[in-house]
Amino acid sequence: MKFTWFNLMPWPYLPDDFREKNRSVWVDIDQKLFDPVKSHEVYNTYLDLLEYAADVGFDAIGCNEHHQNGYGIMPSPNIIAAALSRRTKDVGLVVLGNSIALYNPPVRVAEEFAMLDCISGGRLIAGFPVGTSMDTNFCYGQIPALTREKYQEAHDLIIKAWTTREPFAFNGRYNKLRHVNIWPRPIQQPHPPIHIPGGGSVETYDFCIDNTYSYSYLSFSGYIRAKALMDGYWKRVAERGTPDASPYRAGFAQTICVADTDAEAEKLYKEHVDYFYNRCLHVYPGFADAPGYRTIKTIQTGALSQYAPPVGGYSTLTWKDLTEQGHVIAGSPETVRQRLEELAKTLNVGNLFCLMHVGNMPKEKCMYSTKLFAEKVMPKLRNVFPDYANDDRFWCHPISQVKAGNLPTEKKALEIVGAAR
Amino acid sequence: MQMTLELKTVKTHYAPVRYIEGGSGQPLVFLHGAGGAQANDPFLTRLAEKYHVYAPLLPGYGDSEECGEIRDMLDFTLHSWDVVEALGLKNPILVGHSMGGMIAAEMAAIAPHDVTRLGLICPAGLWLDDHPIPDLFATMPFEMPKLLFHDVEAGTQLLTAGLTLSDPKFLQTYLVNNARQLGMAGKILFPIPERGLSQRLYRIKAKTVIVWGDSDRLIPPVYAHGFKKGIAGSELVSIPEAGHMVTLEKTDQVIQALGRLG
C-alpha cells in the first residue's frame, strides 16, 4: 500500500454556533469568520505538519483545491505544493488536484505541474478533478452542463502539451491557442502519474481505465459506504477487459485517528471529529449539485452527491456511529490496522489518502496520531498486496534529489569567484 | 370552449423537438420558461381558445432528448428559428415567458424582419447589479414558490399538487428531470442570466408588448424598464397581485395584454 498524508486545511476557528448561524461552510461562508492574521499561523502549522508526515515516513504528502470553503483554505494547491517541494526530499507530492476546467487556458496547469515536477525532482503525482459543483459551478461560474466537455478538452490539451516536442496549434471549443509550447516540461515521462477523483460516474471509470489513471474516491463517509461505488468501478474494470485489477488503479480517502487505546482515541479526538462532521461539512444543499453538473446516467445509477449528508444529518451521529460505520477509523494501532486491512481488501484500494488532521485538531495531537500511524500501523500494511508490489505505474519516479539551501558559504563563493576573475 | 392540446414531435437539424399544439386562430409560438411546459398547462389551454398555439419544448425538457450541440445563446436562438421553420410557420406571433422571453427577444433581434409581433412575459436576459436576480440554481424546491408567486400559499399548492416527495422513486425521477431541464436552461441562465441581449435589443422591429407581474420576486419589475427602453415603441403592461408565474396567477389579463399585438 502507498500512504499519503493529506491535509484538507480546515479553518479551525468556526464558532460553536456555526451551524445555527450560517447556512453554508462553502460558497457563501461569512467573510468575517476568516482572520488573515490568525491564518499566518494556521498555514504554517499545516505546512509543518505535512513536512512532519514526510519525516516520519509517509510515502507522499497531499493537498487539494477548494474555493470559498471553511474546511479547505487551499484555493491554490500548487502554492502549497511548491512550498512543500523545497523543504522535503524523496517524499511524493500528491496534488489532488487542479480542477482543470477552471484554468484559463489549461496550459497553465501543464506549466505549473511541470514546474512542480522539476523543482521537486520528479516527485509530483498529479490529480485532475472535475471539481465539486460548489467549486466549479457556484464559485467559479462554470456552466454545469458544459463543465464535463470543458474538462475533457482541458485534459486533452494538457496531455498534448506535456507530450508534444514541438509547438502546435490547438483549436478547441473552449481554448483557441495558436502556439502551444510549454516551457518547462515535466521530468517524469511521458508525464507525471495521474489520479482522477470521481464520485461514481461510469464515464469517469472508463476515462481512468482507458488512460491508465488511478481512480480516487474522496469521500468523507468512510470505507463501508464506499463499497458499492468501488464495486461498480472494479466491475467496470473487468467488463472492459482491463489487463489487471491492480489495487493501485484505485485510491481512497479515509479519516484516521490513532491513539494508544480505543478509549484514548475517543477521549483525544472526539471533539475534533465532531467539529469536522458537524461544522466543516455544513454545506447548504442548494449548492451540492447544480442541475446539469452530474450526467443523467450518473443520477440514474442512484449515486448520491458526495456531499449529500446521511439521512438525518451528521449531527445525529455519535462517536460510536462514526467509528462503527467507518466514517472515521479510530482507535489503537491494532484496531486501526485491522480496519484498514479490511478497507484495503474490501475496496481493493492500494493508494490510501490518510486524512490525519481532522477539523480543529491541534498540532500536538495530530503529531501523536501521525507518529503512531507511521510506526505501528503503516509497516504492517505495506505488503497487503504482494502480487502488485512492483506496480509503479500510478506513482511518481523521483530522480536523484538536490538538497534545498545548497549554496556554498560566502567564503567558498568568494574563493571560486576569485579564481575565475 | 375547452381546448385539448396535443404533444407532438417535429424534426429539426439537431434534435427531434417535442411541441404542444392546439387551438385555432392566428399562429402563436410560445417559448416556455425554465420550468418547462405541459400539454395540460392552464395558460396554454386558455391561449388556445384564441390562437393556434405551438409551444415547442427545448431539448431536454419533458420527455425529449438532451441536445449536446446546443450550447450557447446563438445556438438557442438559431435552434428556435429552426423549430419555427420546421413547423412551417411564417411570422407567427412570438411569445416567451421568462427564459423563453429571453430567447424570443434574441430571435427578434437576430431576424428583425421575420417577427412583427412579440410578447415578452417577465423575460430574462438583462442584469442590473443593484437588483440581482436570485440564484435559481441554488434554490431548493421548497423555496421556489416564494420566488414565483404573489400568493405563495396557493402557488405552493399549484407546484406540489399530485407530487409525493417522500417516495424515493419519484424523487429520482424528479432529480433526473430537474438535471435535464435546468441543466439545459443553465447554458444560457447560469450563473447569471445575461448573454449580451441588452446590446442587441435595438435591432428589434416587432410591435412588442411586455407583461410583468407587480410582485415578481424572481425577476423584479424594475427589469421591465430595461426592456421598454431598449425596444423602440414597446408597450408595458403591469399586472397587480401577480408574481413571476403571472401566466398562472392572472391568466386572463396576460391573454388580454397579448391581444394588443393584434
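Naming: A, B, ... by sequence-line order, numbering from 1 per chain.
The part of A:Tyr284 that comes within reach of chain B is its side chain, from C-beta onward, which places non-hydrogen atoms under 4.5 angstrom from that chain.
When the shell of 6.0 Å around CD1 of A:Ile79 is examined, it contains 12 or fewer heavy atoms from other residues, nucleotides or ligands. The environment of CZ in A:Arg236 is crowded: more than 12 heavy-atom neighbours from other residues, nucleotides or ligands sit within 6.0 Å. Under a cut-off of 6.0 angstrom, the local environment of CD in A:Gln31 is sparse, with at most 12 non-hydrogen atoms contributed by other residues, nucleotides or ligands. Around atom CD of A:Gln325, more than 12 heavy atoms belonging to other residues, nucleotides or ligands sit under 6.0 Å away. The number of heavy atoms from other shown groups lying within 6.0 Å of CD (B:Glu153) does not exceed 12. Atom CD of A:Glu203 has more than 12 neighbouring heavy atoms from other residues, nucleotides or ligands inside a 6.0 Å radius. Heavy-atom neighbours of B:Glu65 CD from other residues, nucleotides or ligands within 6.0 Å: at or below the threshold of 12. The local environment of NZ in A:Lys176 is crowded, with over 12 non-hydrogen atoms from other residues, nucleotides or ligands closer than 6.0 Å.
Annotation: residues 177-201 of chain B contacts chain A through B:Asn178, B:Ala179, B:Arg180, B:Leu182, B:Gly183, B:Gly186, B:Lys187, B:Phe190, B:Pro191, B:Arg195 [non-hydrogen atoms, separation under 4.5 Å]. Listed by sequence position, A:Ile143, A:Pro144, A:Ala145, A:Leu146, A:Glu149 are the residues of residues 143-156 of chain A in contact with chain B, using a 4.5 angstrom heavy-atom cutoff. Applying a 4.5 Å heavy-atom cutoff, none of the residues of residues 100-109 of chain B approach chain A.
Residues A:Phe138 and B:Asp135 form a side-chain contact, since some pair of their non-hydrogen atoms from C-beta on lies under 4.5 Å apart.
To the nearest 0.5 Å, atoms CZ (A:Arg173) and CG (B:Asp72) are separated by 9.0 Å. Put simply, CZ on B:Arg71 and OH on A:Tyr174 are 5.5 Å apart, with the number rounded to the nearest 0.5 Å.
The ring pair (Phe, Tyr, Trp, His ring centres under 6.0 Å) check on A:Phe168 picks up nothing, with sequence neighbours excluded.
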